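The structure appears right after this line, and notes come after that.
First the proteins, then the strands, lettered A, B, ... as listed; each starts at 1. Here the structure is a predicted model, which is why all the values come from computation and not from measurement.
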Number of protein chains: 2
Amino acid sequence: MAKTKQPVAHTEEACNAILLPVSDALDVLKGKWKLQIIVALTFGDKRFKEISNEVSGITDRMLSKELKDLEMNQLVKRTVYDSFPPIVEYSITEHGKSLANVIDELKAWGLLHRKKIIGK
Amino acid sequence: MAKTKQPVAHTEEACNAILLPVSDALDVLKGKWKLQIIVALTFGDKRFKEISNEVSGITDRMLSKELKDLEMNQLVKRTVYDSFPPIVEYSITEHGKSLANVIDELKAWGLLHRKKIIGK
DNA sequence: CGGTATCCCCATTGATACTG
DNA sequence: CAGTATCAATGGGGATACCG
């Protein structure tokens, strides 16, 4: 059982030292679409419509909104070419690429979990 | 610009090979409370009330629900001691501990992101 | 083409009260 | 102590129509 008394104040600090950055990270990736968009863009720069086609099920409204969020967090860069009809291209930034390790770990653990739980 | 034609079918496959496991992982950790509970438990086994005290703001209803989810996914183990008043203890499983790398990466990236964006 | 503007639904969460 | 039951609120996301 657990009557090993623990230094509560210290575990709270240690706790927050983990939880704050973890929450920051999760917030940035939150929602149904952001990671799908990021992953799609890691395979190459794409235009609005191209992303829309690759991320199956997303509406224009959501794609627009999510791209803005990602741009605000400097994960994605938006480039407008002055032409008609308009051409807008989206690409991953260096900061966006720095998510690679996170995505790799999530992927690895997801596979492990699927083997353990889902694919009994 | 981007007229480097890409093998669409292949990128779609590659895409899904990433997105499916990543979604699995994110689903398991989804919501406001699950990671807080997991992290709290990594500092030692705890009883319902103890978790409730450490995860600031959570209601009994939510804690109960989240613990059930975590138990279903075998991240957390629930042990009932036959006594009165009842004693129930929660602990992290080995599978739960296997999240350590994921949490570490999220933490590392969260810190990086905070330095880059939030902390000017 | 690359988006906005509106409206609406419903799932998740919160608040509160109660129980074995 | 360790929850459950019930109801209310919030907000993320969908559907559709329209615009520069």
Side-chain angles (χ1 to χ4, degrees), chain A residues 1-3 5 8 19 23-38 40-41 44-73 76-92, chain B residues 1-3 8 19 22-23 26-38 40-41 44-73 76-92:
Chain A
M1 277 185 54
K3 262 333 13 127
K5 270 298 175 198
V8 174
L19 286 174
S23 296
D24 287 347
L26 251 31
D27 264 13
V28 169
L29 304 179
K30 187 160 69 178
K32 193 171 170 181
W33 305 111
K34 287 192 189 88
L35 268 169
Q36 297 190 53
I37 295 170
I38 290 172
L41 287 177
D45 303 358
K46 293 192 171 63
R47 296 169 66 174
F48 189 88
K49 202 70 176 186
E50 293 177 312
I51 305 174
S52 166
N53 288 334
E54 280 204 27
V55 179
S56 104
I58 196 167
T59 61
D60 288 351
R61 190 182 92 87
M62 273 299 117
L63 180 52
S64 172
K65 179 182 164 299
E66 298 297 65
L67 283 169
K68 266 178 196 160
D69 284 1
L70 294 172
E71 207 192 339
M72 269 192 18
N73 283 311
V76 159
K77 176 155 170 267
R78 181 176 184 266
T79 309
V80 182
Y81 294 93
D82 190 8
S83 64
F84 190 87
I87 291 177
V88 179
E89 214 169 49
Y90 292 91
S91 55
I92 297 258
Chain B
M1 279 184 55
K3 263 332 12 129
V8 174
L19 286 174
V22 168
S23 297
L26 252 31
D27 263 13
V28 169
L29 304 179
K30 188 160 68 179
K32 194 173 171 180
W33 305 112
K34 286 191 190 91
L35 269 169
Q36 297 190 52
I37 296 169
I38 290 171
L41 288 178
D45 302 0
K46 294 193 171 62
R47 297 168 65 172
F48 189 89
K49 201 70 176 185
E50 292 178 311
I51 305 174
S52 166
N53 287 335
E54 280 203 27
V55 178
S56 103
I58 196 168
T59 62
D60 288 352
R61 192 183 92 84
M62 272 300 116
L63 180 53
S64 172
K65 181 185 163 297
E66 299 296 65
L67 283 169
K68 266 178 195 159
D69 285 0
L70 295 172
E71 207 191 339
M72 270 191 18
N73 283 310
V76 160
K77 177 156 170 265
R78 181 176 184 266
T79 308
V80 182
Y81 294 93
D82 190 8
S83 63
F84 191 86
I87 290 177
V88 180
E89 214 170 50
Y90 292 91
S91 55
I92 297 258

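- If you walk DNA chain D from 5' to 3' and mark each nucleotide with an atom closer than 4.0 Å to a heavy atom of chain A, the marks span D:dG13 to D:dG20.
- Residues that satisfy the salt bridge (charged side-chain N to carboxylate O under 4.0 Å, His left out) test with B:K49, not counting sequence neighbours, are absent from this structure.
- Of all heavy-atom pairs spanning B:I92 and B:I38, the tightest one is CD1-O, 3.5 Å.
- Atoms CG and CG, on A:L41 and A:L67 in that order, are 7.0 Å from each other to the nearest 0.5 Å.
- Contact between B:V28 and B:L70 at its shortest, heavy atoms only, is O-CD2, 4.5 Å.
- Contact detail for B:E54 and B:A40: the closest heavy-atom pair is OE1-CB, 4.0 Å.
- Sorted by first and then second residue, the salt bridge (Lys or Arg N to Asp or Glu O under 4.0 Å) pairs involving residues 77-87 of chain A (not counting sequence neighbours) form an empty list.
- Residues satisfying the side-chain contact (heavy atoms from CB on, under 4.5 Å) test with A:D60, not counting sequence neighbours, are A:F48, A:S52.
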Enumerate the protein-to-nucleotides 17-19 of chain C contacts in which both atoms are nitrogen or oxygen and the separation is below 3.5 Å.
none

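- Using a 4.5 Å heavy-atom cutoff, the side chains of A:E50 and A:N53 are not in contact.
- Rounded to a whole Å, the CG atom of A:L63 is 10 Å from the P atom of C:dG2.
- Each of B:P86 and A:P85 has a nearest nucleotide on DNA chain C; the 5'-most of these lies closest to A:P85.
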Please produce a list of atom pairs where a protein N or O lies less than 3.5 Å from an N or O of nucleotides 13-15 of chain C.
{"from": "C:dG14", "atom 1": "OP1", "to": "B:K32", "atom 2": "NZ", "distance (Å)": "2.8"}
{"from": "C:dG14", "atom 1": "OP2", "to": "B:W33", "atom 2": "NE1", "distance (Å)": "3.0"}
{"from": "C:dG14", "atom 1": "N7", "to": "B:R61", "atom 2": "NE", "distance (Å)": "3.3"}
{"from": "C:dG14", "atom 1": "N7", "to": "B:R61", "atom 2": "NH2", "distance (Å)": "3.3"}
{"from": "C:dG14", "atom 1": "O6", "to": "B:R61", "atom 2": "NE", "distance (Å)": "3.4"}
{"from": "C:dA15", "atom 1": "N6", "to": "B:R61", "atom 2": "NE", "distance (Å)": "3.4"}

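- By the side chain to side chain donor-acceptor pair (under 3.5 Å) test, A:R61 pairs with no residue at all, sequence neighbours left out.
- By the side-chain contact (heavy atoms from CB on, under 4.5 Å) test, B:I58 pairs with B:W33, B:I37, B:V55, B:M62, B:L63, sequence neighbours left out.
- In this structure B:D69 satisfies the side-chain contact (heavy atoms from CB on, under 4.5 Å) test together with B:K34, B:K65, B:E66, sequence neighbours excluded.
- Rounded to 10°, the helix from C:dC1-D:dG20 to C:dG20-D:dC1 has 50° between the axis fitted to its first five pairs and the one fitted to its last five.
- Here A:D24 pairs with B:R114 under the side chain to side chain donor-acceptor pair (under 3.5 Å) rule; sequence neighbours left out.
- Within the model, atoms OH of B:Y90 and CD1 of B:I51 stand 7.0 Å from one another, a figure rounded to the nearest 0.5 Å.
- The interatomic distance linking B:F48 (CZ) with C:dG20 (C1') rounds to 15 Å, in whole Å.
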